[in-house]
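Everything numeric in this text was worked out from a predicted model, so none of it was measured.
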Amino acid sequence: MSSDQQQYAFIDAKYLDSILGKMVETVSESKGHIFEIGEQSRSEYEALINELAEIKEQVDGTIDRYDKLEIQARLARGHLAEVSKHFQNFKEEDIRKAYERANNIQVELSIVQETEKQLKNRRNDIERRINQLRQTSVKAEKLVGQVSVVLNYLTGDLKKMGELIEDAQEKQAFGLKIIEAQEEERKRLSREIHDGPAQLLAHVLLGSEIVERVHRDQGPEASAKEIAKFRKTIRNALYDVRRIIYDLRPMTLDDLGLVPTLKKYLNRIEEQYPTVEVVFRHIGEEKRLPSRMEAALFRLAQEAVQNACKHANPSLVKVSMEFRDDRIHLLINDDGTGFDPGKKKENTFGLIGMKERVELLEGKIAIQSNVKNGTLIVIQIPILKEGEI
């Protein structure tokens, strides 16, 4: 082969490698998007199934309440008619009470009827959405499998198939645990929002209708008292929403940086675990880091402290962060029960996740622990630029 032919062959091979690389990248991204769609659909499906069961229960309760109120309303109207027909035989107080009772029951009937209508509409919407999500999840799962086959053909090396098969079960178990943990967190968040702010806001919505009727029937002073009651409810809902947002991602992390956010979080931990003393110190000149790096370091500290407080029963947890020119040192030390690092235990995926996160940041993590002698976690992370993370 001539030198020109060799040059063209090299160019063609390089061009083909470039095309193959782009194909692999595109297919990988597509697989990730499809997987996310499937996971979101499954998560939403589970949440909607739970919500549907709750709504059906609420509908049954509302219908039962309406039937009972309807009976009370008929009796109250009958009594009111009797009072009106023979009003000269009744005291003025009895006549007023009969009118107020009939009116109050009618107001409650209207509220219950409107609530039932809204619940049934929501139930129908959820059932339609569940059917759509079920179909989407099935299609996404099928597509992920097909795309995986394509990726295996594009990137697979027959010599590595044995190695892939050997650790497939372990990787699958870890991946399924991650998915399970994500789904549990989404369920927890859904329940927390439903049981907290959503319930409070629904209470305020119903209460606003009552305030309107009180204002119309009893005047502005009575309605003002009702409004004052709901201010506290709204404040509680706002507090719950802010707490949930903070747990998802503290806004102070972007506004103030890593150290103030970590201090605030550790103060909350002391409130949450009154028997645990948390000591925090930082060494060196505090500096702002790339956003994703600050978030990762915060989550690492959060996971380590939460693990200690939940599982090790410590009386003291020390958190130390040292800023150096080219790296960050993070140390978390507790005097809790400790564990044997060489012994495999169930539910140790928190530590595995920490190791994965440190590896992504090109850092190092060391865990030293002995039974009844506490645990020390040492993390070293190089300071990377935003584009290097």
Side-chain angles (χ1 to χ4, degrees), residues 174 177-178 180-182 184-185 188 243-244 246-250 252-253 256-284 286-287 289 292-324 327-383:
F174 181 53
K177 276 292 181 181
I178 291 175
E180 181 182 339
Q182 289 174 336
E184 286 300 320
E185 178 63 15
R188 182 197 66 78
R243 178 180 54 80
I244 291 170
Y246 182 87
D247 289 341
L248 288 173
R249 177 176 171 85
T252 53
L253 198 58
L256 302 178
L258 180 59
V259 171
T261 303
L262 198 51
K263 284 181 179 178
K264 184 175 181 181
Y265 168 72
L266 295 176
N267 287 336
R268 284 185 58 197
I269 284 291
E270 282 194 310
E271 295 175 1
Q272 185 178 353
Y273 299 94
T275 60
V276 180
E277 179 186 2
V278 182
V279 177
F280 173 71
R281 67 169 186 164
H282 70 277
I283 305 168
E286 181 185 347
K287 63 182 74 174
L289 305 171
R292 282 177 286 182
M293 189 175 178
E294 288 187 338
L297 284 165
F298 175 78
R299 294 304 181 195
L300 287 167
Q302 183 183 44
E303 182 71 28
V305 173
Q306 282 282 6
N307 281 345
C309 293
K310 284 183 179 179
H311 307 299
N313 192 28
S315 60
L316 176 64
V317 176
K318 296 180 181 179
V319 180
S320 176
M321 180 172 290
E322 181 180 357
F323 289 84
R324 296 188 179 180
R327 64 184 56 246
I328 301 291
H329 284 207
L330 178 63
L331 286 79
I332 303 94
N333 189 15
D334 70 77
D335 62 353
T337 55
F339 63 96
D340 182 0
K343 185 178 179 181
K344 285 192 174 183
K345 293 174 58 180
E346 294 183 357
N347 301 321
T348 58
F349 290 97
L351 293 176
I352 295 174
M354 289 176 64
K355 291 178 180 178
E356 291 284 338
R357 196 186 293 270
V358 171
E359 288 178 6
L360 287 173
L361 293 172
E362 301 180 15
K364 298 178 181 178
I365 181 171
I367 301 173
Q368 300 175 12
S369 185
N370 292 299
V371 177
K372 298 182 180 180
N373 288 325
T375 301
L376 171 64
I377 299 176
V378 181
I379 299 171
Q380 298 180 34
I381 304 293
I383 298 177

Requested in this report: Measure the shortest side-chain to side-chain distance between Ile379 and Ile381 over non-hydrogen atoms and say whether it is less than 4.5 angstrom.
Outcome: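 The answer is yes; the side chains approach within 4.5 Å.
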Query - Criterion side chain to side chain contact (heavy atoms under 4.5 Å, CB included) on Lys287 and Ile383, from CA distance to verdict - result: CA-CA 11 Å; Lys287 63 182 74 174; Ile383 298 177; 4.2 Å; yes
Do you know which two heavy atoms are closest between [X] and [Y], and how far apart they sit?
X: Pro260; Y: Glu286; value: CD-OE2, 3.5 Å
X: Ile367; Y: Thr375; value: CG2-CG2, 4.3 Å
X: Pro382; Y: Gly363; value: CD-CA, 3.8 Å
X: Leu330; Y: Met321; value: CD1-CE, 3.7 Å
X: Tyr273; Y: Gln306; value: OH-OE1, 3.6 Å
X: Arg357; Y: Ala296; value: CD-O, 3.6 Å

Heavy-atom donor-acceptor pair, [X] side chain to [Y] backbone, under 3.5 Å:
X: Asn370; Y: Gly338; result: no
X: Asn333; Y: Lys318; result: no
X: Glu294; Y: Leu289; result: yes

For the atom pair [atom1] ([X]) and [atom2] ([Y]), what is the distance rounded to the nearest 0.5 Å?
X: Ile328; Y: Leu361; atom1: CD1; atom2: CG; value: 11.0 Å
X: Ile332; Y: Glu303; atom1: CD1; atom2: CD; value: 10.5 Å
X: Glu270; Y: Tyr265; atom1: CD; atom2: OH; value: 12.0 Å

Query raised in the report: Hey, are Asp340 and Ser369 close enough side-chain-wise for a donor-acceptor pair under 3.5 Å?
Result: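 Side chains of Ser369 and Asp340: no pair found under 3.5 Å.
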